[in-house]
Protein chains: 2
Amino acid sequence: MARSTIRDISRVTGFSVFTVSRALGGGDGVSEQSREQILKAARELGYVVNRAAQELRRAKRDSVAVITASTSNSYYLDLMDGIQQALDPSEWTVVIGDVAVDGAYEARLEARMIQRLIESRTAGVISALTLQPEHTELLAKWDIPVVFVDSSPPPEAAHFPSVTTNNHEASLMVGQHLAEHGYKDWLFLVYPSKWSSRFGRESGLREAALHHGANLVVLETANDAASARETLARHLDGREAPPHVLIAGNNPLLLGAMELLRERAIRIPADMAVVAYDEFAWSTLTDPPITVLNEQSAEIGRRAAMMLREIIERQEAAERKGKPPSPVYLPEHHQQVPARLMLRGSCGCALHGGGRNGSFQAA
Amino acid sequence: MARSTIRDISRVTGFSVFTVSRALGGGDGVSEQSREQILKAARELGYVVNRAAQELRRAKRDSVAVITASTSNSYYLDLMDGIQQALDPSEWTVVIGDVAVDGAYEARLEARMIQRLIESRTAGVISALTLQPEHTELLAKWDIPVVFVDSSPPPEAAHFPSVTTNNHEASLMVGQHLAEHGYKDWLFLVYPSKWSSRFGRESGLREAALHHGANLVVLETANDAASARETLARHLDGREAPPHVLIAGNNPLLLGAMELLRERAIRIPADMAVVAYDEFAWSTLTDPPITVLNEQSAEIGRRAAMMLREIIERQEAAERKGKPPSPVYLPEHHQQVPARLMLRGSCGCALHGGGRNGSFQAA
DNA sequence: ATAGCCAGCCTAAACGTTTAGGTAAACTAC
DNA sequence: GTAGTTTACCTAAACGTTTAGGCTGGCTAT
């Protein structure tokens, strides 16, 4: 087959390479008649533009990367949905870069991913985890804007934009509800602080525990279901009775915990109540249905994507005017999205029917 | 900041552009001493290769695309895992191309995706759905190899490689089990035949129903949870009693069905048994735990990726020898992976404890 | 001492686009 | 009828790499 180039079309039609490029690109300076003739020839030759050549020549870059670790977390599916919604696929290419292997974060992969993104001159990055300081620095050096979602920028780059859940608030809400149930002995099973949402979640729970006179134990585990299960098992082995309530820091940890509780026949909520961060598809169908904090991750994704798009467009405008091409980050580029507590059976609430999906929303 | 190029390094070090390229690329023809000097300069300048320029110049392409629709199907997470395992990330870039919006397949997106893959001269494609004939033709024209997973090639391209579950076999196994329970009235809730795994699944159930003297109703729905719920609701409204057993064609359909059954307070398995295709993380924790057919999608992904890699390597070798660069597909490039039936409560089996994960495997 | 070879480096041409800058002819305004 | 503008097109130079081919000067084998 003939991998045809613009030059081939030029040869066939008799037009210059310039005219062909213009005709294909939809620019003006070509008569309608010539354009049609050129397009026809292109179709017949099976021409497809060579993106490498195109990107090399033009400054404009149109792909955006989303960096995540542990995509098995259903949180990210919604997040991606929101991002896709805000970035018209005919204009932007969204590539997702998972820096986890077997669900576990790997620093090595993060480095490789950043390198790759710079190599391909990515237009912008949405990161679902706090990147290592040297990597934000590198991206800044190459004028590639970054928006953090569900995570904060590293302290060295505090001015970088972010869209997060108001985790402290959300945890206060959780704590309030637990207190209403009368639970005094709380166990918070949580992932490492590599994922910065931990800080707000933990501080909120601490404040709530203090305020309501409850005892809070924080139990850290690696960020996957199997580790969560192991860690929780060891912890429960070391104490006489289970806590009043288990608070799972995210969806994979909840999964691991639930597997263990089922294995040990610990009844929920009779023996121990359970609440968790992260809404997920099966939450109403488990035994019992799980009370979760819904972060509206699709909304978070949508906002982050819009923010990034705006920053990139501003950057391009500045560049056209000959101004420095560094992205400009403003105070309004820090947004917080409120969360909602979805009440179901696992926290101890006795619910009759509930809404269409068997859930109530806390007032 | 200086977006430095090879030329800048050349200027700084005094070596020619050629030598710098060789030093960075790890080729020979450069003394160790010079190389170190060059690498040092590159590091100091913050040099990062421009991939567009690199790809333009060299023939070698190193990125592989996975085409899916409806990634929310947990099946695909495992599939991706398997693929990633087989393609060393330092050598290959795996990009995932979702051609669904809001979980629903869109032909428009498939066309755009194929276009994009050709534009960027992707080395190979793994497709989780039967591509449209004109698209396989287009990829063939550009000598881009394709391996189908969990789906067959279009009839026009029957010789294209594929790795699938032996769906017919698997359905016979399901049917056998349902017959053992004595169910005679089967309802198969299934996605459109755009996903070709439907054929084997349906034919197997038909054969089993015939053999065991059961009545099989096939109910088609769009491939997402919300549609499944609607479709099933309408179907149940139209009949006196629920069927003996509902067979959900995949994971999203199961989710939609379960939501409906819960809403209508149809007890499982007392009023109606449930079995489903696709293993998923929460299957043991639902109420009741779901009996599913486990297709071992990670294994399928691994095999497909290895197959694709081999085909690409063979293709490159042929090209180096001046032979035609078309990919060569062999008979052994059709593989089937057996499935396993995981027995849990929803089919009517009364299980005591089960294995560590509350499941038995059918003999 | 001569031929042959090799390591280490260079020059120059390619890869397939886009774009800056130009020209000739055809219109428009007066 | 002239000057100015617009339309439709062209030539040639980029973009940042890799690579084919060539040139040294020092080493080895005879």
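Note on naming: letters A, B, ... go to the chains in the order of the sequence lines (proteins, then strands), and numbering restarts at 1 for each one.
Looking at heavy-atom distances under 4.0 Å, B:Ser31 makes contact with sugar-phosphate atoms alone, never a base. Across all strands, B:Ser16 comes closer than 4.0 Å to base atoms (heavy-atom distances). Counting any heavy atom pair closer than 4.0 Å across all strands shown, A:Thr5 reaches sugar-phosphate atoms only and no base atom.
Under a 4.0 Å N-O distance rule, the pair A:Glu119/A:Arg116 does not qualify as a salt bridge. Taking the charged nitrogens against the carboxylate oxygens, A:Glu36 and A:Lys40 have no contact shorter than 4.0 Å, which rules out a salt bridge. Salt bridge B:Asp62/B:Arg51: present, at least one basic N to carboxylate O contact under 4.0 Å.
As a whole-Å value, the separation of B:Ile6 CD1 from D:dG16 P is 11 Å. Between the C1' atom of D:dG16 and the CZ atom of A:Arg121 lies a distance of 9 Å, rounded to the nearest Å. Across the protein-nucleic acid pair, A:Asp8 atom CG and C:dG16 atom C1' stand 11 Å apart, rounded to whole Å. Distance CZ (B:Phe15) to P (C:dC10): 7 Å, rounded to an integer number of Å. For B:Glu55 and D:dT17, the CD to P distance is 13 Å, given to the nearest whole Å. When the C1' atom of C:dT17 is taken as reference, atom CG of A:Asp62 falls 15 Å away, rounded to whole Å. Between A:Glu119 atom CD and D:dC15 atom P there is a gap of 20 Å when expressed in whole angstrom units. Between B:Arg7 atom CZ and D:dT18 atom P the separation is 12 Å, expressed in whole Å.
At least one side-chain nitrogen or oxygen of A:Ser21 sits closer than 4.0 Å to the OP1 or OP2 atom of C:dT18. Within the 4.0 Å cut-off from OP1 or OP2 of D:dT18, at least one side-chain nitrogen or oxygen of B:Gln54 is found. Between C:dG8 and B:Ser34, no contact under 4.0 Å exists linking OP1 or OP2 to a side-chain N or O.
Of all nucleotides listed (D:dG16, D:dC10, C:dC10), C:dC10 comes nearest to the side chain of B:Phe18. Of all nucleotides listed (C:dT19, C:dT17, D:dT17), C:dT17 comes nearest to the side chain of A:Tyr47. Minimum atom distance to the side chain of A:Val49 is reached by C:dT17, of the listed C:dC9, D:dT19, C:dT17.
Ranked by how close their nearest DNA chain C nucleotide is to the 5' end, B:Val30 and A:Ala52 are led by B:Val30.
Summarising the geometry, atom CD belonging to B:Gln335 is positioned 8.5 Å from atom CE belonging to B:Met306; distances are rounded to the nearest 0.5 Å.
In this model, no side-chain donor or acceptor of A:Arg57 finds a partner on the base of C:dT17 within 3.5 Å.
For CD of A:Glu137, the number of neighbouring non-hydrogen atoms (other residues, nucleotides, ligands) closer than 6.0 Å is 12 at most.
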